[in-house]
Undergrad: 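I have a structure here, written as structure tokens, and I will follow up with some questions on it.
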Amino acid sequence: MSQCVDPIVGKILAGWRYDISGIAPEMCSDYEQHFAACEHCRSRQRLHRTIDLSLIALASVSAGVFLLAFGVIRHFGPRHAFWLELAALAGFALSALIWLVVAVATPAPMTVVDAARLGARHVHDHLPPEIRDRLPEELRMKITGS
């Protein structure tokens with residue numbers, strides 16, 4: 001495993017879970033330069049974002065399974081259906097709460113938005129000029145960032 005090129009900055013970034021989205025722009029550029037130069041911190045940042053997105057995906061799947069269980073219980077109506085339905089709804093509520101906590105406490109939503117913006121920019125750049133010119137100006141500004 002590679003070592004950080006600047007251990008002091010690396011420890012600061014590790015304390016922030018490699019999230020520089022909420023810091024001042026003048027400080028952000030210094031940390032972005034560090035990420036550009038340091039493979040160790042870049043890989044750690046990717047690992048943290050992968051964990052964050054995986055937790056959100058797992059909580060979403062879990063919530064879906066609990067809703068499916070609720071629907072199956074409603075459909076078949078077994079004995080003690082009320083308690084089973086209550087347990088399924090409690091599981092859904094817990095999954096939704098976990099999803100919300102992860103989404104609020106991590107920069108994962110911003111990572112997804114940035115990825116979507118890059119994808120939209122890629123599609124926009126490959127559109128024929130006659131279609132690209134028909135897009136509203138405000139949409140073009142959001143996509144291209146300029």
Undergrad: What I'd like to find out is whether the side chain of C4 reaches to under 4.5 Å of the side chain of H34, using heavy atoms alone.
TA: yes
Undergrad: Applying the 4.5 Å side-chain criterion to the ILVMFWY set and letting contacts propagate, would W99 and I51 be lumped into a single cluster?
TA: yes
Undergrad: At their closest point, which heavy atom of R132 faces which heavy atom of L127, and how far apart are they?
TA: NH2-O, 2.6 Å
Undergrad: Roughly how far apart are L13 CG and I8 CD1, rounded to 0.5 Å?
TA: 12.0 Å
Undergrad: Starting from W83, can I reach V72 by hopping between I/L/V/M/F/W/Y residues whose side chains sit under 4.5 Å apart?
TA: no
Undergrad: Are there over 12 heavy-atom neighbours, none belonging to R74, within less than 6.0 Å of that residue's CZ?
TA: no
Undergrad: Measuring from atom CZ of F35 to atom CZ of R44, what distance do you get when rounded to the nearest 0.5 angstrom?
TA: 11.5 Å
Undergrad: Hey, could you give me the CZ/CG distance between F92 and L97, rounded to the nearest 0.5 Å?
TA: 11.5 Å
Undergrad: Can you see which heavy atom on A103 is nearest to which on I56, and at what distance?
TA: CA-CD1, 4.1 Å
Undergrad: Which heavy-atom pair separates V102 from T106 by the least distance, and what is that distance?
TA: O-OG1, 2.6 Å
Undergrad: NZ/K11 to SG/C41 distance, rounded to the nearest 0.5 angstrom?
TA: 11.5 Å
Undergrad: Hey, does H124 have a side-chain heavy atom less than 4.5 Å from the side chain of L135?
TA: yes
Undergrad: Just checking E130: does its CD atom have more than 12 heavy atoms from other residues, nucleotides or ligands closer to it than 6.0 angstrom?
TA: yes
Undergrad: Strictly distance-based, threshold 3.5 Å: is any side-chain N or O of S62 a donor or acceptor partner for the main-chain N or O of L58?
TA: no
Undergrad: On a heavy-atom basis, which atom in A88 and which in F66 lie closest, and how many Å separate them?
TA: O-CB, 3.5 Å
Undergrad: Out of curiosity, does L47 fall in the hydrophobic cluster containing L55 (side-chain heavy atoms, cut-off under 4.5 Å, transitive links)?
TA: yes
Undergrad: Kindly give the heavy-atom pair with the smallest separation between L84 and P78, and that separation in Å.
TA: CD1-CG, 4.0 Å
